[in-house]
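What follows is one structure encoded as structure tokens, with my remarks underneath.
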Amino acid sequence: MTVIAETTADAVAGIADGATVLIGGFGMAGMPVALIDALIAQGATNLTVVSNNAGNGDTGLAALLAAGRVAKMICSFPRQADSYVFDGLYRDGRIDLEVVPQGNLAERMRAAGAGIGAFFCPTGVGTPLAEGKETRTIDGRDYVLELPIKGDVALIGAHAGDPLGNLVYRKTARNFGPVMATAAATTIAQVTRIVDTGDLDPEAVVTPGIYVDRIVQVTQEATA
Amino acid sequence: MTIAPPTDRTVEHLDRGPLTREEMAATIARDIPDGSYVNLGIGQPTTVADHLRPGSGIVLHTENGMLGMGPAATGDDIDPDLMNAGKIPVTELPGASYFHHADSFAMMRGGHLDVCVLGAFQVSEHGDLANWHTGAPDAIPAVGGAMDLAIGAKDVFVMMTLFAKDGTPKLVPRCTYPLTGLACVSRVYTEHATFLVGPHGTTVVETFGTGVDDLAGRLDVPLTRIGAS
């Protein structure tokens, strides 16, 4: 059942030290900045964070990294023009990094959310990222065995939600949100607007409320 | 490889110099069939979009979750929720669609994408690709969607300079940089020539400001001509 949190602090309450936290967003699009700020204030540490990038500039995920709360990043593309916070931590040996091809990152979370124990994937065959992994030839093509990535918590950004937790997204800010929502024990969504039950077109709902545990409204200004 | 080469015999353009970057982008755009679903990689490959034929029906895919991507956004059209894989603000065309990341890579891996255009550090004569990591000890590895694209699109076109800054060829017998994908590239577009690569080796399609024999002398890769017996 979905709970509407009054504040972002209420929304992130109870996240434990050592938790695996899935954080949505591609760059800053869809990044749940207000929830990340609340997580920084909440104080959980020694986190494993799963996100496509490893922070941009000084806000959002970069701020969580700068606060020293993240022991390990699992991501596809840490190195960017403005990823200086992560770059510094990595070069100082203060953070672990697991690089995962972007599609495998998404599919491994999809598998976790769909109850799939593992899957054979053609991506990365013969590359350093497949070293040490089981491989199999199926119908003449080589595949690598990939395991699910399950989160204790997912923090995602969506456009609008209703009291039942149904979510819709906006443009390319959708990115990892719908997949991460399925892959965590507790999914927490920040939305720019909570609408009345029945106001979302059921045909247009992208994430059904069954996947969403807590929802909090954050004004658009606060997410920018 | 699924797209036929643009010529039935190797053409040597000796009356001109090497292609400019703009001309390379235009050459790739010329070779993409009407109606294709296409992903253009970050950086130089993105410029191919500027040369697509009006009315070609080519639909651009961006791996962060969109089909029907339009040109870069400027001024009031900039929307922080609408960007391409390079995180550049873009626009949507009529008929665009949005989808989440698992779907975006499923359509790639599932063989629904016709062409992707990628940059490269090295390509082997049989189409192995190295474009994600120099392997330098102080480099922070970052792969993004490169490995997924390399094995997913029906045709993988590489757009690169033929020689590195130190003069060493980037079309090589065997990649020395960490691999992105095995036997995945079908064509290599460079300023000096366009090549087909694959199980049967490397074939020259066109040359620009140089000839096949001259190129053969500068590369460690055996070159064949289209239409040669």
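Protein chains get the first letters and strands the later ones, always in sequence-line order, with residue 1 at the start of each.
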Would the number of heavy atoms belonging to other residues, nucleotides or ligands and lying under 6.0 Å from OH of B:Y37 be above 12? no
Inter-residue atom distance A:K171.NZ - B:D81.CG, 0.5 Å rounding: 8.5 Å
Are there over 12 heavy-atom neighbours, none belonging to A:I210, within less than 6.0 Å of that residue's CD1? no
Rounded to the nearest 0.5 Å, the NE2 atom of B:H100 sits from the OG1 atom of A:T182 at a distance of 8.0 Å
Side chain, backbone, both or neither of A:C75 within contact of chain B (heavy atoms, under 4.5 Å): neither
Part of A:R141 lying under 4.5 Å from any heavy atom of chain B: side chain
From the list A:A29, A:G27, A:G30, A:S76, the residue making the most non-hydrogen contacts under 4.5 Å with chain B is A:S76
Distance-only donor-acceptor hits, side chain of residues 122-130 of chain A, under 3.5 Å, sequence neighbours excluded:
| residue | atom | partner | partner atom | Å |
| --- | --- | --- | --- | --- |
| A:T127 | OG1 | A:G124 | O | 2.7 |
| A:T127 | OG1 | A:L129 | N | 3.3 |

Is B:D79 salt-bridged to A:R170, going by a charged N under 4.0 Å from an acidic O? yes
Does CZ belonging to B:F121 count more than 12 external heavy atoms closer than 6.0 Å? yes
Begin from the C-alpha positions of B:K87 and A:N53 and carry the test side chain to side chain contact (heavy atoms under 4.5 Å, CB included) through to its verdict. CA-CA 11 Å; B:K87 305 191 174 70; A:N53 303 108; 3.3 Å; yes
Compare every heavy atom of B:Y98 with every heavy atom of A:R174, then report the nearest pair and how far apart it is. NH1-O, 3.5 Å
Around atom CG of B:D138, are there more than 12 heavy atoms of other residues, nucleotides or ligands at under 6.0 Å? yes
Hey, which of A:E107, A:M109, A:R110 has the most heavy atom pairs under 4.5 Å with chain B? A:E107
Pair count under 4.5 Å, heavy atoms only, with chain A: among B:L179, B:I140, B:T180, B:L82, highest is B:I140
For A:Y169, which atoms come within 4.5 Å of any heavy atom of chain B: side chain, backbone, both, or neither? neither
With chain A, which of B:L182, B:N64, B:D128 has the greatest number of heavy-atom pairs at distances under 4.5 Å? B:N64
What's the spacing between B:H101 NE2 and A:N52 CG if we round to 0.5 Å? 5.0 Å
Crowded around B:R53 CZ? As in, over 12 foreign heavy atoms under 6.0 Å? yes
B:D166 atom CG, neighbour heavy-atom count above 12 within 6.0 Å: yes
Strictly less than 4.5 Å between heavy atoms, which residues of residues 88-101 of chain A line up against chain B? Please order them by number. A:Y90, A:R91, A:L97, A:V99, A:V100, A:P101
Chain A contacts, top residue of B:P141, B:P80, B:G145 (heavy-atom pairs, under 4.5 Å): B:P141
Side-chain (B:D148) to main-chain (A:G103) donor-acceptor, under 3.5 angstrom: yes
Which answer fits A:D142, side chain, backbone, both or neither, if we ask what part of it has an atom under 4.5 Å from a heavy atom of chain B? neither
One should read off an interatomic distance between B:L149 CG and A:Q102 CD, to the nearest 0.5 angstrom, of 8.5 Å
Which atom pair, heavy atoms only, marks the closest approach of B:G144 to A:F77? N-CD1, 3.4 Å
Rounded to the nearest 0.5 Å, what separates atom OG1 in B:T62 from atom CZ in A:F26? 6.5 Å
In Å and rounded to the nearest 0.5 Å, what is the CZ to OG1 distance from B:F99 to A:T172? 10.5 Å
